[in-house]
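Have a look at the structure below before the remarks.
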Amino acid sequence: MKSDNPIIDVWMQQPTREFLNHPMFASLRKWMGIDLIEQDLPMEWTLDSMDQAGVHLGILCAWHGPCGPLISNEQVLSLIQSYPDRFKGLASVNLYQPMEALREMTYYIKERGFVGVRQVQWFWNLPATDRRYYPLYARCVELDVPICFQVGHTGPLCPSEPGRPIPYIDEVALDFPELKMVCGHIGYPWTQEMIAVATKHPNVYIDTSAYTAKRFPPELVRYMKTNGKKKVIFGTNYPMIPHAKCLEDLDSLGLEEETRECFLYKNAREVFNLD
């Protein structure tokens, strides 16, 4: 790893076999051109993907849903401990057990150095305004960490409605103006809604995970070049898209150097308190 490669990827996972082989990801496996896997992906592949694109730091997320964890907080912690200079973690917890969830997320953030929480709304089929999330929001504010969501339609064959920016992200931001929210997958086909919500609320951000630079909608690129310079953050959704693939057409967007730096690492540093 070279110290002059400052890029930060805010949405990665190091998937387990259970994660990649889950039936809900059948459509994504087909899109990626892979069958059911027999062993976990080697970490060497992940590090090589990051190095090829000059990605200095990856934020790995746990995945917890109604049937339990597909990637546990302990599995994420083990990877961070093995590669402390390359990874930070996002906790994921059981929405159906609020006190257990609060204790768990607090432990991994305060005691284990995780930098936020990720809850994927379509996994629970619960929009961000559902009461089950609200204790997590209050604790995130107390701990000064962001909560990370998915916005837009779903790749897996699950309902997309929970990922709508309006009304759900907008209403949460009204209820919790101090809460930092990082909204992944750009909100497509509601990208303009997502931009409107991020513009309206100082603590709402957009990450570009699951989209290559070539596929950024024109309205998102215009936002990055104007009043959204400090509101858009780089992510990949690795391993669904390799890092180099996400970035190979970045130059074609015509971003000024300061905007490019904000997108690739400065915004992430500020939002996730990485300095």
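Note that the structure is predicted; figures quoted are calculated from it, not measured. The residues of the chain are indexed from 1 along the displayed sequence.
- The shortest side-chain heavy-atom distance between Val172 and Tyr133 does not fall under the 4.5 Å cut-off.
- Atom CG of Leu60 and atom CG of Leu77 lie 11.0 Å apart (nearest 0.5 Å).
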Next on the checklist: Determine whether Val151 and Arg164 satisfy the following criterion, side chain to side chain contact (heavy atoms under 4.5 Å, CB included), listing intermediate values before the conclusion.
Outcome noted: CA-CA 6 Å; Val151 289; Arg164 291 201 68 133; over 6 Å; no
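- Taking 4.5 Å as the limit, every side-chain heavy atom of Pro69 sits out of range of all side-chain heavy atoms of Glu74.
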Next on the checklist: Before you tell me yes or no, could you show the steps for Tyr265 and His56 under ring-ring contact (aromatic ring centres under 6.0 Å, His included), namely the whole-Å CA-CA distance, both residues' side-chain angles and the distance that decides it to 0.1 Å?
Outcome noted: CA-CA 9 Å; Tyr265 64 94; His56 172 83; 9.5 Å; no
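- Considering CD1 of Ile71 and SG of Cys61, their distance stands at 6.0 Å, rounded to 0.5 Å.
- Nearest approach of Val10 to Ala268, heavy atoms of both residues: CG1-CB, 3.7 Å.
- With rounding to the nearest 0.5 angstrom, the CD1 atom of Ile8 is 10.0 Å from the NZ atom of Lys88.
- Between the side chain of Thr208 and the main chain of Tyr211, no donor-acceptor pair closer than 3.5 Å is present.
- The shortest heavy-atom contact between Met50 and Gly58 is CE-N, 3.6 Å.
- Taken together through direct or relayed side-chain contacts under 4.5 Å among Ile, Leu, Val, Met, Phe, Trp and Tyr, Phe272 and Val232 form part of one hydrophobic cluster.
- Within a 6.0 Å sphere centred on OH of Tyr83, heavy atoms belonging to other residues, nucleotides or ligands number more than 12.
- A donor-acceptor contact shorter than 3.5 Å links the side chain of Lys231 to the backbone of Pro202.
- With no hydrogens or angles considered, a side-chain donor-acceptor pair links Gln13 and Asn237 at under 3.5 Å.
- The 12-atom threshold is not exceeded at CD of Glu270, counting heavy atoms of other residues, nucleotides or ligands nearer than 6.0 Å.
- Side-chain N/O atoms of Asn94 and Glu100 include no donor and acceptor closer than 3.5 Å.
- A donor-acceptor contact shorter than 3.5 Å links the side chain of Thr106 to the backbone of Leu102.
- In this structure, Arg86 contributes its side chain and Val55 its backbone to a donor-acceptor pair below 3.5 Å.
- Nearest heavy atoms, Ala91 versus Ala62: C-CB, 4.5 Å.
- Looking at Gln150 and Trp11, their side chains come closer than 4.5 Å, going by heavy atoms from C-beta outward.
- In this structure, the side chains of Pro177 and His201 stay at 4.5 Å or more apart for every pair of heavy atoms.
- Connection of Met43 to Met12 is established within a shared hydrophobic cluster, with ILVMFWY side chains joined at heavy-atom distances below 4.5 Å, either directly or through further cluster members.
- Inter-residue side-chain proximity for Leu41 and Pro15 is flagged as met; some heavy-atom pair is nearer than 4.5 Å.
- Environment of CD in Glu219: crowded, with over 12 heavy atoms of neighbouring residues, nucleotides or ligands closer than 6.0 Å.
- Atom CD of Glu256 has 12 or fewer heavy atoms from other residues, nucleotides or ligands within 6.0 Å.
- With rounding to the nearest 0.5 Å, the separation of CG in Asp9 from CD1 in Ile59 is 8.0 Å.
- Taking the six-membered ring where tryptophan is involved, the planes of Tyr188 and His153 are perpendicular, since the angle between them exceeds 60° and thus also 30°.
- Other residues, nucleotides and ligands place no more than 12 heavy atoms under 6.0 Å from the CD atom of Glu178.
- A single hydrophobic cluster is not seen to contain both Leu136 and Tyr168; linkage of ILVMFWY side chains at heavy-atom distances under 4.5 Å, directly or through other members, places them apart.
- Looking only at atom types and distance, the side chain of Gln81 has no donor-acceptor partner in the side chain of Ser78 under 3.5 Å away.
- For His185 (side chain) and Ser209 (main-chain N/O), a donor-acceptor pair under 3.5 Å exists by modelled atom type.
- Asn73 has its side chain out of reach of Val76: every pair of non-hydrogen atoms, C-beta onward, lies at least 4.5 Å apart.
- Atoms SG and CZ, from Cys262 and Arg269 in turn, are 11.0 Å apart once rounded to the nearest 0.5 Å.
- Aromatic pair Tyr96/Trp124: ring centres closer than 6.0 Å.
- Across every non-hydrogen atom of Glu193 and Pro165, the tightest pair is OE1-CD, 3.7 Å.
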Item to check | Working for side chain to side chain contact (heavy atoms under 4.5 Å, CB included), residues Tyr107 and Ile109 | outcome: CA-CA 6 Å; Tyr107 168 75; Ile109 292 166; over 6 Å; no
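- You'll find the ring centres of Tyr134 and Phe176 inside the 6.0 Å limit.
- Although no hydrogens or angles enter the test, the distance criterion places no donor-acceptor pair under 3.5 Å between the side chain of Thr259 and the main chain of Lys229.
- Residues meeting the salt bridge (charged side-chain N to carboxylate O under 4.0 Å, His left out) test with Asp144, sequence neighbours left out: Lys180.
- The shortest distance between side-chain heavy atoms of Val197 and Ile166 falls below 4.5 Å.
- A pairwise comparison of heavy atoms in Leu179 and Asn203 identifies O-CB, 3.2 Å as the closest pair.
- Side-chain contact check for Trp190 versus Ser160: some heavy-atom pair is nearer than 4.5 Å.
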Next on the checklist: Using the rule given for ring-ring contact (aromatic ring centres under 6.0 Å, His included), can you reason through Trp122 versus Trp63, listing the C-alpha separation, both sets of side-chain angles and the distance that settles it, and then say yes or no?
Outcome noted: CA-CA 12 Å; Trp122 58 257; Trp63 277 69; 5.8 Å; yes
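- Between Tyr238 and His243, the gap from one ring centroid to the other is short of 6.0 Å.
- A donor-acceptor pair under 3.5 Å links the side-chain atoms of Gln119 to the main chain of Val93, judged by distance alone.
- Residues Phe87 and Leu274 are members of one and the same hydrophobic cluster, defined by side-chain heavy-atom contacts under 4.5 angstrom among Ile, Leu, Val, Met, Phe, Trp and Tyr.
- The pair Glu142-Arg139 meets the salt-bridge criterion, since a charged nitrogen lies less than 4.0 angstrom from a carboxylate oxygen.
- Nearest heavy atom pair, residue Thr154 against residue Pro156, reads OG1-O, 2.8 Å.
- Between Leu57 atom CG and Asp85 atom CG the span is 9.5 Å, to the nearest 0.5 Å.
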Next on the checklist: As a quick check of understanding, evaluate side chain to side chain contact (heavy atoms under 4.5 Å, CB included) for Val117 and Leu90, giving each step before the final call.
Outcome noted: CA-CA 5 Å; Val117 176; Leu90 293 177; over 6 Å; no
Next on the checklist: Working note: Ser49 + Thr46, criterion side chain to side chain contact (heavy atoms under 4.5 Å, CB included); need CA distance, chi angles, decisive distance, verdict.
Outcome noted: CA-CA 5 Å; Ser49 176; Thr46 300; 5.7 Å; no
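- At least one donor-acceptor pair closer than 3.5 Å links the side chain of Lys225 to the backbone N or O of Leu253.
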